[in-house]
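Written out below as structure tokens is the structure these notes cover.
Quick note on labels: first sequence line is chain A, next is B, and so on, each numbered from 1. Remember, it's a predicted structure, so these values are computed and weren't measured experimentally.
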Protein chains: 2
Amino acid sequence: MPGKARTTKAKLQSAAFRRTRSDHSKELAADYVELIADIIDERGTARGTDVALRLGVANATVVKMLKRLTDMGLVTQEPYRPIDLTGEGWLMAETGRKKHQIVERFLLALGVGEETARIDSEGIEHHVSDETLKAMGRFLARNSS
Amino acid sequence: MPGKARTTKAKLQSAAFRRTRSDHSKELAADYVELIADIIDERGTARGTDVALRLGVANATVVKMLKRLTDMGLVTQEPYRPIDLTGEGWLMAETGRKKHQIVERFLLALGVGEETARIDSEGIEHHVSDETLKAMGRFLARNSS
DNA sequence: ATGAAAGTTTAGCCTCTGCTAAATTTGAAT
DNA sequence: ATTCAAATTTAGCAGAGGCTAAACTTTCAT
């Protein structure tokens, strides 16, 4: 029954693509939140300008995004004040950092150069499932003396 | 000079983020083109409906996207006719397939399950540089008997 | 204490990628 | 040959994520 097989394949495949698409918005949120956490840790306080500068984006874009992040319960802000993360925001940042670190160290262990590891891990990070992350962790355990 | 250091760091980082962002549109184009190639190989001809079904997207969305892909010189189409790839389109599809295959086989070799390997490779594929791809290739050469 | 610089916000615009509903075309069965 | 179902296209909408320019706060020096 080729029709049935076709449908099944399509369903499987579309699920994967759908996941990839839905990842994209979460990805951006995670990037913002992680970056804000980094900035707060570095200088005690995060201003919109810092975020805009590091993300390579206009101030207005950051403002708009922060509104969305506020709605998602990840950041808090009062007008004209620096940005703060909620508990959930910190949690997300922490999770992201761990993930990022594993992926980056994994690429290095695989023999990839520092610069490339840094760049690629940024892109790959958000598409790695827990299962794959675990496999990378095992590899690191085996291959780091 | 902390100000200088800050600026440098911001520039490096923003470049990475900018790359990630600009990747997204290319990514989608690549997904469409690869999928069209697969469908043509499988059934000789690719219709918009097949693409929509497998991508998990509405027909109208496919139509609109095909227009963009046509402008990019990747596909050709006459109204109400099946979709064709240009030479450039086939080239992109072939490149993507090879990349995809390496990433997927790499994940499998790393000990990731089939289902996860399929899904994660779909997401990761577009964020892997040539250098990382080569490193994955080396790993495969070492670890497949 | 005030005025300029730095930072933030608003307003209004754009493109991309999606959607539904309605029109149109094609192709196949009667 | 006609009709009808399936496929395609058009029209119009939405939301995310960008931008610039202009308005508005805050902060800091003088």
[X] has an atom [atom1]; how far is it from atom [atom2] of [N], in whole Å?
X	N	atom1	atom2	value
B:Y32	C:dT17	OH	P	8 Å
A:H24	D:dG18	NE2	P	12 Å
A:Y80	C:dA6	OH	C1'	13 Å
A:R18	C:dC19	CZ	P	8 Å
A:I83	D:dT26	CD1	P	16 Å
B:D23	D:dG18	CG	P	13 Å
A:L53	D:dC19	CG	P	12 Å
B:L66	D:dT10	CG	P	12 Å

To the side chain of [X], which of [options] is closest?
X	options	answer
B:A60	D:dG12, D:dG17, D:dA11	D:dA11
B:R47	D:dT8, C:dC19, C:dT8	D:dT8
B:S25	D:dA11, D:dG17, C:dT17	C:dT17
B:T49	C:dC19, C:dT10, D:dA7	D:dA7

TODO: Identify, between B:N59 and A:R81, the residue whose nearest nucleotide on DNA chain D lies closer to the 5' end.
DONE: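 The 5'-side residue here is B:N59.
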Open item on the list: Evaluate A:R47 against A:D50 for salt bridge (charged side-chain N to carboxylate O under 4.0 Å, His left out), listing each step before the verdict.
Closed with: CA-CA 5 Å; A:R47 295 166 315 153; A:D50 299 325; 2.8 Å; yes
Open item on the list: Evaluate A:L12 against B:R118 for side chain to side chain contact (heavy atoms under 4.5 Å, CB included), listing each step before the verdict.
Closed with: CA-CA 10 Å; A:L12 277 177; B:R118 199 173 52 75; 3.7 Å; yes
Open item on the list: Is the phosphate of D:dG17 approached by B:R21 (side-chain N or O, under 4.0 Å from OP1 or OP2)?
Closed with: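 B:R21 to D:dG17 OP1/OP2: no side-chain N or O under 4.0 Å.
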Open item on the list: Please confirm whether the shortest side-chain N or O distance from A:K67 to OP1 or OP2 of C:dT9 is below 4.0 Å.
Closed with: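 For C:dT9, neither OP1 nor OP2 has a side-chain N or O of A:K67 closer than 4.0 Å.
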TODO: Could you tell me which non-hydrogen atom of A:V103 sits nearest to which non-hydrogen atom of A:E125, and how far apart they are?
DONE: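 Shortest heavy-atom contact: CG2-CA, 4.4 Å.
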TODO: Mind listing the closest non-hydrogen atom pair of B:H24 and B:E27 along with its distance?
DONE: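 B:H24 and B:E27 have their closest heavy atoms at O-CB, 3.2 Å.
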Describe the nucleic acid contact of [X] in one word from base, sugar-phosphate, nothing, applying a heavy-atom distance below 4.0 Å.
X	result
B:R68	base
A:V57	sugar-phosphate
A:T61	base

- [ ] Walk me through it: do B:I36 and B:L74 pass the test side chain to side chain contact (heavy atoms under 4.5 Å, CB included)?
- [x] CA-CA 11 Å; B:I36 291 166; B:L74 296 169; over 6 Å; no
